[in-house]
Each structure stands twice: as C-alpha cells, then as structure tokens.
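Just so you know, ligand 1 is whichever comes first in the structure, and atom 1 is the first atom listed for that ligand.
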Amino acid sequence: MRLFGLWIWILSSVLALAAAEPASRVAVKSFDLNITESIGAPDCYAKTIRYINGKYPAPAIHVDQSDRLRVTVRNGLESEAISIHFHGIRQLGTPWYDGTSHVSQNAIPAGKEMTLEFSVKDQSGTFLYHAHNAMQELSIFGAVIINEPAEVRKTLHYDDERTIVLSDSWHNSSLAQETGLLGAPFKWVGDPQSLLTNGITLSPNCSYLPMPQGATTGGYAVTIVEPKKTYRFRIINAATLNFLRFDIPGHTMRVIEADGTLLKPTKIDHLELNAGQRYSVLITADQEAKDYWMSSQAMWRKASAQNGWSILRYSNAKTQESTPPAALPARGPEIPSWMEDQLRPLKPPRVPQQEGDTRFYNFSQVALADGTVRWQVADRVYELPDQALLLQHYNNTIKNLPAASKPVSIERGRVVDIVLQSSVGNLNGVCEEHPFHLHGHSFWDLGGGNGTWHSGIKADVNNAILRDTVTVYPYRSAYFQTPLPAGTSCGWRRIRFVADNPGAWLLHCHIVAHLVMGMAESFIVGESNIPALPPHFPIF
Ligand SMILES: *[C@@H]1O[C@H](CO)[C@@H](O)[C@H](O)[C@H]1NC(C)=O
Ligand SMILES: *[C@@H]1O[C@H](CO)[C@@H](O)[C@H](O)[C@H]1NC(C)=O
Ligand SMILES: *[C@@H]1O[C@H](CO)[C@@H](O)[C@H](O)[C@H]1NC(C)=O
Ligand SMILES: *[C@@H]1O[C@H](CO)[C@@H](O)[C@H](O)[C@H]1NC(C)=O
Ligand SMILES: *[C@@H]1O[C@H](CO)[C@@H](O)[C@H](O)[C@H]1NC(C)=O
Ligand SMILES: *[C@@H]1O[C@H](CO)[C@@H](O)[C@H](O)[C@H]1NC(C)=O
Ligand SMILES: [Cu+2]
C-alpha cells in the first residue's frame with residue numbers, strides 16, 4: 001500500500017536523522033481531545049453520547065516510541081467533571097499525568113481544560129485512552145498505538161494494520177447506573193444492550209429518530225483488507241463489563257502481542273479478551289474475496305448482547321453483505337485461561353526471581369444490611385478520597401485520610417507479589433470473573449488457579465507475560481453453575497511487579513461498576529522519591 005510505503009520512508013528517514021543527531025529523535029506530538037456531548041444513535045437507539053473533536057467514535061492516537069505526547073483535554077460536557085487516563089501507559093516519572101481522578105488529579109470540571117505531557121520511551125504496542133471518573137469510562141474511549149522501532153516491526157512480518165475497538169453499551173445514562181449501583185435497594189446495571197465494534201452496531205428493528213447533522217447513526221463497522229496481504233489486527237477490549245470472545249470466520253489468527261508485550265506467534269481458534277486487555281493478531285487475506293462477519297460476544301456471564309457484528313471486507317469483493325447470520329458462533333465452553341495458557345513471550349521475561357513482598361487480597365461482594373451492595377478487597381470497601389491522593393501527598397494530608405481511603409505505602413524498588421483471591425460473597429453464591437488493572441506499572445502475570453492460593457504454589461516465571469490487565473477467573477460456581485456458600489474460594493491469580501515508579505496508583509477491577517462499588521486498592525510508591533509537582537499543575 002502507498003501509505004504503508006510512505007510510513008516506512010518516514011520511519012527510515014527519522015532513523016537516518018537519529019543516527020546523525022541523536023537529540024533530534026524526541027518529537028513532541030500534540031493532540032486535542034475536545035469532548036462534547038449531543039444526540040447520537042451508535043446502535044440505533046438515540047441518546048446523549050460524547051464526541052471527541054466532533055467525531056464518534058473517538059479518533060485513534062498514533063505515535064512512535066521516541067515521541068513525547070502533549071494531550072489537551074477540553075471538557076465541553078454540560079455538567080460532568082472528567083479525566084482521561086492512558087491505559088497501560090506507565091507515566092514513568094510523570095505520575096500526575098495518569099488521568100485518574102481522585103488519585104493522580106482532581107477531575108476537570110465542565111468548561112475547563114488540562115494538558116497532559118508524557119513520554120512512552122520504554123513501551124510500544126497497543127493501548128487505549130478512556131475516561132476515568134465514576135461511570136464515565138462507558139462513554140469515552142479510543143485506541144493508542146505506539147509503533148515499535150522499524151527494525152523490530154520488520155521482524156513481525158505484516159504488510160499493514162487495522163484497529164478494532166470493541167465495547168459494550170447501555171441505553172441508560174451512566175449517572176442513572178451509578179445511582180442504582182450505590183443505592184438501596186441495589187440495582188445492578190444488567191447486561192449491555194449492545195456490543196459495539198469501532199463504536200457502532202445495529203439493533204434489530206432499527207428506526208431512527210430525526211438526527212442532527214453529523215450525528216452517528218450506527219451501522220456495522222467495516223474493516224477492508226486487500227487480497228494476499230497480511231495484516232496486524234489490533235483488537236482492544238474497551239468494554240466496561242463484558243469479557244469478550246472475538247471470532248473471524250474462515251481465517252487463521254496468530255496472536256503476536258498482549259498489552260504491549262510481543263509474543264511467539266501462536267495460532268488460535270478465536271480470541272478471548274477481558275475489559276482493558278489488548279491483543280494483536282496476524283491474519284492473511286488469502287480466502288475467497290467476499291464479506292465475512294466478525295463477531296464479539298460476552299463470556300462468563302449468563303447472557304450476551306447478540307449484535308456484536310462487524311464486517312471483514314475484501315477490497316475486491318464482488319458482493320457486499322448487509323444482514324448478519326442468524327446466530328453467533330457457539331460461545332462456550334468457558335474454560336479458565338483457555339487462550340492465555342497457550343501464549344508465550346517472544347523474549348525470555350526478566351522476572352525478578354526472588355519472591356516479592358507478597359500481598360494477599362481476598363475479595364468478595366458484600367450485601368449490607370441497609371440494602372446496598374459493595375465489593376470488599378481485603379476486608380475493605382475502598383472509597384476514593386475527594387482530593388486526589390497525589391495532591392494530598394504534596395500537602396502532607398494523607399495521614400489524615402479515613403481508613404477506607406488510605407493508600408498502602410510501598411518502598412521504591414521493592415519487588416511486590418500480589419495474589420488476587422476471589423471468594424463467593426453473601427449475595428448470590430456466584431463466582432464472577434474480574435479483570436484487574438494496575439496503574440503506573442506493568443506486571444508479570446504469574447498465572448492463576450482453582451481454590452485458595454497458598455505459598456506452596458510455585459510460579460512459572462519463565463513463561464510470564466508482562467502486561468497490565470489480568471483476569472481472575474471463576475473456577476467454579478460461575479453464573480451458569482451451581483451457587484456455593486459465602487466464603488467459598490472461586491480461584492486466584494498472582495502478579496509480580498517492581499515498584500519503580502514513585503507516585504500514587506490504583507489497582508482495581510476494570511469492570512467499572514465494580515470499581516464504583518469499592519473494588520480497588522491504592523498505593524503510594526516511593527513516598528520520599530515522588531518528584532515535585534510541575535508548576536501551574538491544575539488543582540481544580
Ligand atoms: C479544540 O478546541 C480548541 C479550542 O476551541 C480549538 O482551538 C482546536 O482547534 C480544537 N481542536 C480540534 C482537533 O478540533
Ligand atoms: C434505567 O434507568 C431507569 C431510571 O433510572 C430505571 O427505572 C430502569 O430500571 C433502568 N433500566 C435498566 C435496564 O437498568
Ligand atoms: C423485531 O421485530 C420482530 C417482528 O416484528 C419481532 O418479532 C421482534 O421481537 C422484534 N425485536 C425487537 C428487539 O424488538
Ligand atoms: C494544598 O492545600 C491548599 C490549602 O487547602 C490548597 O490551596 C492547595 O491547592 C493544595 N495543594 C495541592 C497540591 O493540592
Ligand atoms: C475447581 O475445584 C472444584 C472443587 O474441587 C471443582 O469442583 C471444579 O471443577 C474445579 N474447577 C476447574 C475448572 O477445574
Ligand atoms: C476470604 O473472604 C471470605 C469472605 O469474606 C471469607 O469467608 C474467607 O474466609 C476468606 N478467606 C481467606 C483465605 O482469608
Ligand atoms: Cu470486578
């Protein structure tokens with residue numbers, strides 16, 4: 001492709017320049033994220049949605065590893081405060097630009113703006129940005145792509161790339177959902193009405209209201225490929241609840257990246273990815289030139305929205321499809337870690353061999369006497385403080401925080417092992433799956449298992465994949481299995497990281513409803529090494 005050739009040309013010129021003059025390599029790339037809200041119908045149902053730079057879905061951000069990003073977030077919402085988090089980007093040395101409200105900054109009020117500036121020099125691959133204030137994650141998300149250096153990219157053997165952002169969508173507003181989740185009686189958000197691909201889908205019996213000019217009216221996303229070429233599909237799960245199964249019929253998928261870590265190419269039948277996780281797969285357009293229906297659907301819950309369809313289109317297809325098949329591919333059986341257990345890192349991981357300080361987090365949901373329901377992690381329902389933790393650090397007020405909000409202090413440079421232990425709560429006897437995400441650090445995924453973790457279980461460090469979001473699976477008593485008594489262990493997962501990034505960071509379930517219900521822990525890493533806040537940092 002012409003564009004591809006141009007890209008290579010630009011990259012090689014940049015590298016040639018760099019060889020002559022190393023200082024010229026750091027380029028600052030500026031992006032605007034102008035957030036506004038107005039009517040749209042991404043799945044046929046008209047509601048208020050959020051546009052970025054007047055576009056829906058939100059535009060992708062593409063950068064090179066050597067770039068510095070300068071991102072100006074302008075909150076043009078009517079009344080809600082917001083912050084934008086770059087998921088998986090470590091913010092090494094810039095903890096104040098993590099975009100996590102109540103933790104790294106105070107949320108940007110309606111009508112105000114803020115500029116984040118950070119480098120990504122130790123990272124490459126597929127990431128995402130999304131809102132990180134209360135339930136808003138539902139409404140704003142986009143891809144972030146950091147190109148590997150040209151010499152690495154060459155070894156991955158693909159001609160071009162495409163980005164596929166999957167998400168889940170509800171017709172009710174996020175504020176209505178939050179009220180239901182935190183109130184008495186507790187009201188669960190339920191399964192999403194739609195599974196979107198690149199922000200859109202169609203629902204059955206679609207009938208549009210009159211829409212303003214430029215409003216999105218949904219449809220099936222189309223990914224166009226040229227015959228014979230090999231593509232890197234970057235597949236991002238930007239859902240806030242659903243663990244997804246993704247299928248491309250008729251084509252072999254070979255996984256080569258998980259959350260920014262390159263993998264030994266591995267053939268898989270279908271992709272399984274949890275909220276916040278990203279994978280790159282190679283596919284070759286070597287089949288009959290026509291349209292193929294790709295699909296996403298929820299796993300590990302009782303039901304799934306049935307409209308997660310999108311089209312894979314050969315550029316020379318003679319006919320085009322408009323009606324998806326009657327049924328999605330069979331979604332089961334649900335086997336914990338089925339796909340992940342097949343994956344191997346491309347390069348031997350540099351996992352610290354010594355056991356870290358092990359922190360054991362037993363979590364379960366708890367139905368309280370007043371009719372509310374929360375999630376507790378190590379016997380605590382986490383409450384985000386009003387003033388951001390990092391700002392409180394500078395004001396020396398962390399010590400005054402109530403127990404429900406106090407961060408755990410970790411010395412800089414410590415190796416930390418975290419065991420995420422899932423147990424049945426006292427509400428419904430169910431074990432759920434949970435995608436856990438750590439801010440400011442990537443971690444080695446040391447695997448998971450059935451029942452209760454104990455120190456006699458040794459980790460397989462040689463095959464650990466460095467990533468930022470990992471699933472704690474239910475090994476029993478899942479939604480479709482027999483309920484079990486409160487306290488029964490559902491399963492565990494273990495991660496290891498080096499606490500090398502001084503700042504205030506969240507570890508939390510990436511099911512946003514669970515986070516709102518308290519499923520989080522906060523850390524202050526290297527308290528005495530946190531760099532000074534940049535001058536004029538907005539306090540809001
Ligand atoms: C974002 O808004 C600012 C201020 O109104 C404007 O100058 C800028 O051009 C906008 N950027 C985009 C990409 O629309
Ligand atoms: C949507 O919100 C309304 C009002 O807040 C509530 O009555 C209704 O049950 C909600 N529906 C769903 C599917 O959550
Ligand atoms: C769509 O219309 C058909 C035929 O009228 C009906 O059977 C079906 O229930 C409708 N589906 C939805 C989601 O409203
Ligand atoms: C510290 O507290 C003062 C007084 O309340 C406030 O004006 C200032 O903005 C705070 N600083 C930070 C970094 O939050
Ligand atoms: C986990 O252990 C329980 C109890 O022994 C067993 O019933 C269940 O089948 C196991 N789950 C898996 C996925 O092996
Ligand atoms: C984990 O939490 C559950 C529910 O709070 C409790 O019943 C169980 O004993 C705990 N298990 C461990 C190993 O602490
Ligand atoms: Cu969860």
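Looking at ligand 6, you won't find any N or O of D379 less than 3.5 Å from one of its N or O atoms.
Short contacts between ligand 6 and Q376, defined as distances under 4.0 Å to a heavy atom of the residue, involve ligand atoms 5 (O). Applying the 4.0 Å criterion to heavy atoms of S364 picks out, from ligand 6, the atoms 4 (C), 5 (O). Under a 4.0 Å criterion applied to the non-hydrogen atoms of N395, ligand 4 contributes the atoms 1 (C), 2 (O), 3 (C), 8 (C), 10 (C), 11 (N), 12 (C), 14 (O). Close approach to N362 involves these atoms of ligand 6, each under 4.0 Å from a residue heavy atom: 1 (C), 2 (O), 3 (C), 8 (C), 10 (C), 11 (N), 12 (C), 14 (O).
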Is there any protein N/O under 3.5 Å from an N/O of ligand 5, and what does the full list of such pairs look like?
unit_1	atom_1	unit_2	atom_2	d
ligand 5	2 (O)	N450	OD1	3.3
ligand 5	2 (O)	N450	ND2	2.3
ligand 5	2 (O)	R476	NH2	3.4
ligand 5	11 (N)	N450	ND2	2.9
ligand 5	11 (N)	Y475	O	2.7

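Under a 3.5 Å cut-off, the side chain of D259 and the backbone N or O of T126 do not form any donor-acceptor pair.
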Apply ring pair (Phe, Tyr, Trp, His ring centres under 6.0 Å) to the pair H439 and H508, showing each step before the final yes or no. CA-CA 9 Å; H439 288 235; H508 66 93; 5.2 Å; yes

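Counting only residues at least two apart or in different chains, disulfide bond (SG atoms under 2.5 Å apart) contacts with residues 384-442 comprise C431-C490.
Contact annotation: Q421 has no heavy atom less than 4.0 Å from any atom of ligand 6.
By the 4.0 Å N-to-carboxylate-O rule, D445 lies too far from R467 to be salt-bridged with it. Ion pairing between a basic and an acidic side chain is recognised when a charged N comes within 4.0 Å of a carboxylate O; D191 and R301 show such pairing. Checked for salt-bridge contact, R380 and E383 miss the test: no charged N lies under 4.0 Å from a carboxylate O. Salt bridge R50/E37: present, at least one basic N to carboxylate O contact under 4.0 Å.
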